Engineer: 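Questions regarding the structure given below will be posed in turn.
Treat the numbers as computed from the prediction; the structure is a model and nothing was measured. Both counts, for ligands and for their atoms, begin at 1 and track the order of listing.
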Amino acid sequence: MITLAHISDLHFGTESPEVVEGLLEDLVSVEPTLVAVSGDLTQRARRKEFMAARLFLDRIPFPRLVVPGNHDIPLFDLLTRFARPLARFRRYIDEDVDPFFSTDAVAVLGMNTARSNTWKDGRISLAQIDGLRRRLGPLPPHVSKVLVTHHPFLPPPGDPSPPLVGRASEALQAAEACGVDLVLAGHLHRGYTGDIRTHHVDIRRGILVAQAGTAVSRRVRNEANGYNVLQLSPLRLAFSLRSWDGRGFHEARFVEYVKSGSEWRSGGSG
Ligand SMILES: [Fe+2]
Ligand SMILES: [Fe+2]
């Protein structure tokens, strides 16, 4: 059994210090194999925001995999935005913006979807889709395969038409062929889970999605700060949303899926 912690949209610069401390404490109690961070580490891609994000990451005593979000590219500094959009991310967070983590049981591939020209919306390149095939395609079926992006593949409940990541269909076709089980993303500041086929009807194999809300930012959108804990094995995937209640993080929602053939069936929720 692999445990992944999925945090997103930290937006350092607008963080709540007590929630930051609460999150670090909670992560230690969860003991994840990996902490996946799905972008928007900063509010305005400022140096001091990246330095605060770096200090936070350094305090997590587990392996981390981090992708950038649109807020990690400067919006108003046009020279930097177009000439060196992810220079600060690369300097303070990680040189690799398409990071990869693997063990005998799990393989996690991050893909940078933040772009200078469509600052808010994201996109996946053809080269990244090739990379997905190359990295995940050769792995045996017992390895759980996970993608991490900032921009979402699946709309939230009750909002069928938010902008999804560009080239979602092509990326999902490659993900389906490679046996990807789970996609982690953020950007919408809402935590939810679902099956990709509820929106992408051309995909036949069940691929589950976990979207995370904002972990520590005060810029919440009608939803408390929260993050996801995923427990993964080849035939079972449990999704737990852990929400901030003013004093600590506690499980607010739980959904379990069981694999049957190429389907993930909901085995219960709470
Ligand atoms: Fe965000
Ligand atoms: Fe975002």
Side-chain angles (χ1 to χ4, degrees), residues 5-17 19-20 23 35-46 48-54 56-57 64-77 80-82 85-90 92-94 97-99 110-125 128 147-157 159 161-168 171 183-193 209-228 241-244 249:
H6 169 211
I7 63 179
S8 198
D9 295 80
L10 305 159
H11 289 285
F12 275 93
T14 67
E15 80 279 16
S16 165
V19 183
V20 170
L23 176 60
V35 178
V37 186
S38 56
D40 278 359
L41 282 86
T42 67
Q43 180 60 19
R44 282 281 162 246
R46 294 186 180 102
K48 68 177 183 186
E49 294 170 352
F50 273 118
M51 287 166 74
R54 175 75 261 162
F56 167 78
L57 293 172
R64 298 157 314 245
L65 177 143
V66 189
V67 295
N70 53 307
H71 278 259
D72 301 320
I73 291 178
L75 175 60
F76 302 116
D77 175 355
T80 310
R81 175 173 161 189
F82 287 98
L86 287 168
R88 285 182 188 151
F89 182 94
R90 289 178 193 276
Y92 290 104
I93 306 299
D94 195 340
V97 296
D98 295 314
M111 293 195 293
N112 164 37
T113 55
R115 299 291 184 265
S116 304
N117 48 352
T118 56
W119 182 82
K120 192 171 181 197
D121 300 328
R123 195 162 181 80
I124 296 171
S125 70
Q128 286 174 309
L147 294 180
V148 183
T149 60
H150 177 61
H151 293 86
F153 286 86
L154 183 71
D159 181 8
S161 54
L164 300 178
V165 66
R167 285 209 182 91
V183 178
L184 309 178
H187 186 58
L188 300 175
H189 295 204
R190 287 185 63 182
Y192 56 94
T193 181
V209 170
Q211 285 281 143
T214 170
V216 299
S217 170
R218 294 188 302 272
R219 298 180 79 231
V220 288
R221 296 175 194 156
N222 302 320
E223 189 171 302
N225 290 117
Y227 77 104
N228 299 326
L241 167 64
R242 296 186 68 80
S243 286
W244 176 253
F249 282 90

Engineer: What's the NE2-the Fe ion (ligand 1)-NE2 angle here (His11, His189), rounded to 10 degrees?
Structural biologist: 90°
Engineer: With a 4.5 Å cut-off on side-chain heavy atoms, are Thr214 and Leu10 touching?
Structural biologist: no
Engineer: With sequence neighbours excluded, what pairs up with Tyr192 under the ring-ring contact (aromatic ring centres under 6.0 Å, His included) test?
Structural biologist: none
Engineer: Enumerate the protein N/O/S atoms at a distance below 2.8 Å from the Fe ion (ligand 2), ignoring waters.
Structural biologist: Asp40 OD2, Asn70 OD1, His150 NE2, His187 ND1
Engineer: Mind checking side chain to side chain contact (heavy atoms under 4.5 Å, CB included) for Val97 and listing every partner two or more places apart, or none if nothing turns up?
Structural biologist: Pro68, Leu86, Phe89, Arg90, Asn112
Engineer: Centroid-to-centroid, His71 to His187, below 6.0 Å?
Structural biologist: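 For His71 and His187, the ring centres are not under 6.0 Å apart.
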Engineer: Given Asn70, which partner from the list Lys120, Arg115, His150 fulfils the side-chain hydrogen bond (donor to acceptor under 3.5 Å, both in side chains) test?
Structural biologist: His150
Engineer: Would you please name every residue forming a ring-ring contact (aromatic ring centres under 6.0 Å, His included) with His6, sequence neighbours left out?
Structural biologist: none
